[in-house]
Structure formats: C-alpha cells, structure tokens
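Here's the structure we're looking at; comments come further down.
All values reported here derive from a predicted model rather than from experimental measurement. In what follows, residues are counted from 1 in the order of the sequence shown.
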Amino acid sequence: MSTIKEQILEALESAGTSDVIELWNKFAVKDHPDDQVFENNEIFFEGYFKDDVFGLVIKLHYGDYIPTDDYIFFDAQGNLRTISAWSDDESPVDIYALANWLVTEYDGNYIELAEKLEVEFELQ
C-alpha cells in the first residue's frame, strides 16, 4: 500500500492544472508568497500595473510572456513569465513541496482534498 504522500503525489500528477494551481496558491500564500501563480487576464494586469505601464513594459520585455498562456507569475528577478500547465518547465509549482504541505495541512482529514482531486485515498 502506498503512503498518503505517494497517493497525494499521484493524484496531483493526474489532476487538472487549475486544481493544482489553486492548491499551490494556498501553499504559496502561507510559505512562498513570491511563487504565486495567477490567471493571465486583465484583472491581473489591472491589479499589479494599473498606474505603472512603464513597469509593465519592463517586466514583459525581460520576462517570457506568451499572451495565449493561461497563467502568469513573477520569476526570481520579478519579471513576468507565463505557463499553460502546472507541469511546464518554467512553472514555479513544486509538486513535491506541495504534497508535503498537503500531508501536514490536512493532517489525517483527507476527505476534502480527495473530493477536490476527485480521488479516494487508502488510509493505513
């Protein structure tokens, strides 16, 4: 039988990107706020760059921005990068760190997490 962490990892690997990113952002807000991932839309740009168009141009120029990607984040230098899936090479999502955090965060009460990921966990 797999450990709960292994089961969570497996569930995350097969989950949809929006579900993984939602869980990632809950983790990131608490422990890694600079690693949050946002939807690549007008709301993001208005929230961060409403009064700083030049700052936006700089962050786009030095980043790696693809307008058709679904998600956007700030890289280590503060520039903008986009991804279309949590598993993209450029993604800040660390699925192993997320799985470790989920084990601790849910601490034996995995019903809500199982429903979110649409799986059943086998608890020992």
Side-chain angles (χ1 to χ4, degrees):
M1 179 183 288
S2 304
T3 67
I4 189 65
K5 180 182 171 185
E6 292 168 337
Q7 292 177 63
I8 289 172
L9 268 171
E10 185 178 321
L12 288 170
E13 289 170 349
S14 62
T17 293
S18 62
D19 290 334
V20 173
I21 288 179
E22 181 182 331
L23 290 168
W24 173 258
N25 283 338
K26 288 180 182 180
F27 163 69
V29 164
K30 292 182 178 186
D31 297 325
H32 303 279
D34 293 339
D35 290 336
Q36 291 182 73
V37 178
F38 307 93
E39 287 187 44
N40 183 15
N41 61 26
E42 194 173 305
I43 295 168
F44 169 80
F45 289 103
E46 286 177 357
Y48 279 90
F49 299 102
K50 184 176 183 175
D51 298 321
D52 188 14
V53 174
F54 186 71
L56 171 60
V57 170
I58 296 296
K59 298 215 179 280
L60 290 172
H61 176 74
Y62 290 107
D64 185 14
Y65 181 76
I66 300 171
T68 56
D69 280 349
D70 295 323
Y71 300 95
I72 191 165
F73 64 96
F74 293 96
D75 67 14
Q77 292 76 37
N79 299 310
L80 293 172
R81 296 194 174 277
T82 56
I83 55 173
S84 58
W86 70 263
S87 56
D88 288 357
D89 289 340
E90 297 287 324
S91 176
V93 175
D94 179 343
I95 200 162
Y96 299 100
L98 178 57
N100 284 331
W101 179 77
L102 289 169
V103 168
T104 304
E105 183 71 10
Y106 284 87
D107 192 27
N109 186 14
Y110 300 106
I111 296 170
E112 180 185 343
L113 180 60
E115 289 173 357
K116 175 77 178 156
L117 297 175
E118 298 178 3
V119 297
E120 290 184 25
F121 295 122
E122 296 177 18
L123 303 176
Q124 299 173 346

Please report the closest heavy-atom contact between [X] and [Y], naming both atoms and the distance.
{"X": "E90", "Y": "F73", "answer": "O-CZ, 3.0 Å"}
{"X": "P92", "Y": "W24", "answer": "O-CZ2, 3.3 Å"}
{"X": "R81", "Y": "G63", "answer": "NH1-C, 4.4 Å"}
{"X": "S84", "Y": "D88", "answer": "N-OD2, 2.8 Å"}

Can you get from L113 to V93 by hopping between Ile, Leu, Val, Met, Phe, Trp and Tyr side chains that sit under 4.5 Å apart?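 L113 and V93: one cluster.
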Can you get from I72 to I83 by hopping between Ile, Leu, Val, Met, Phe, Trp and Tyr side chains that sit under 4.5 Å apart?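 Per the 4.5 Å side-chain linkage, I72 and I83 are not co-clustered.
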Would you check if [X] and [Y] make a side-chain contact, meaning some heavy-atom pair closer than 4.5 Å?
{"X": "Y71", "Y": "S18", "answer": "yes"}
{"X": "N25", "Y": "V37", "answer": "yes"}
{"X": "L23", "Y": "I21", "answer": "no"}
{"X": "Y48", "Y": "K59", "answer": "no"}
{"X": "N79", "Y": "D64", "answer": "no"}

Rounded to the nearest 0.5 Å, what separation is found between the [atom1] atom of [X] and the [atom2] atom of [Y]?
{"X": "L60", "Y": "L80", "atom1": "CG", "atom2": "CG", "answer": "5.5 Å"}
{"X": "K5", "Y": "T104", "atom1": "NZ", "atom2": "OG1", "answer": "9.5 Å"}
{"X": "N100", "Y": "E105", "atom1": "CG", "atom2": "CD", "answer": "13.0 Å"}
{"X": "L98", "Y": "Y96", "atom1": "CG", "atom2": "OH", "answer": "12.0 Å"}
{"X": "L9", "Y": "I95", "atom1": "CG", "atom2": "CD1", "answer": "6.0 Å"}
{"X": "I4", "Y": "E6", "atom1": "CD1", "atom2": "CD", "answer": "10.0 Å"}

In sequence, state the C-alpha distance, the side-chain angles, and the governing distance for I111 and N109, and then conclude on side chain to side chain contact (heavy atoms under 4.5 Å, CB included). CA-CA 6 Å; I111 296 170; N109 186 14; 4.3 Å; yes
Heavy-atom count check: over 12 atoms from other residues, nucleotides or ligands less than 6.0 Å from [X] [atom1]?
{"X": "E120", "atom1": "CD", "answer": "no"}
{"X": "E13", "atom1": "CD", "answer": "yes"}
{"X": "Q36", "atom1": "CD", "answer": "yes"}

Does the side chain of Y65 come under 3.5 Å of the side chain of N40 through a donor N or O and an acceptor N or O?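 Checked: Y65/N40 side chains pair up, N/O donor to acceptor below 3.5 Å.
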Please state whether the rings of Y110 and F121 are parallel, tilted or perpendicular, taking 30° and 60° as the class boundaries.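 It falls in the perpendicular class, over 60°.
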According to the interplanar angle, ranging from 0 to 90°, do the rings of H32 and F27 count as parallel (below 30°), tilted (30 to 60°) or perpendicular (above 60°)?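 Correct class here is tilted.
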Hey, does the side chain of [X] reach the backbone of [Y] with a donor-acceptor pair shorter than 3.5 angstrom?
{"X": "S91", "Y": "W86", "value": "yes"}
{"X": "T82", "Y": "D69", "value": "no"}
{"X": "E115", "Y": "E112", "value": "no"}
{"X": "Q7", "Y": "E122", "value": "yes"}
{"X": "E39", "Y": "F44", "value": "no"}

Intermediate values then yes/no, side chain to side chain contact (heavy atoms under 4.5 Å, CB included), F45 and K50: CA-CA 7 Å; F45 289 103; K50 184 176 183 175; over 6 Å; no
Salt bridge K116-E22, side-chain N to carboxylate O under 4.0 Å: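 Result for this pair is yes, salt bridge flagged.
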Side chain to side chain contact (heavy atoms under 4.5 Å, CB included) evaluation trace for D94 with D35: CA-CA 10 Å; D94 179 343; D35 290 336; over 6 Å; no
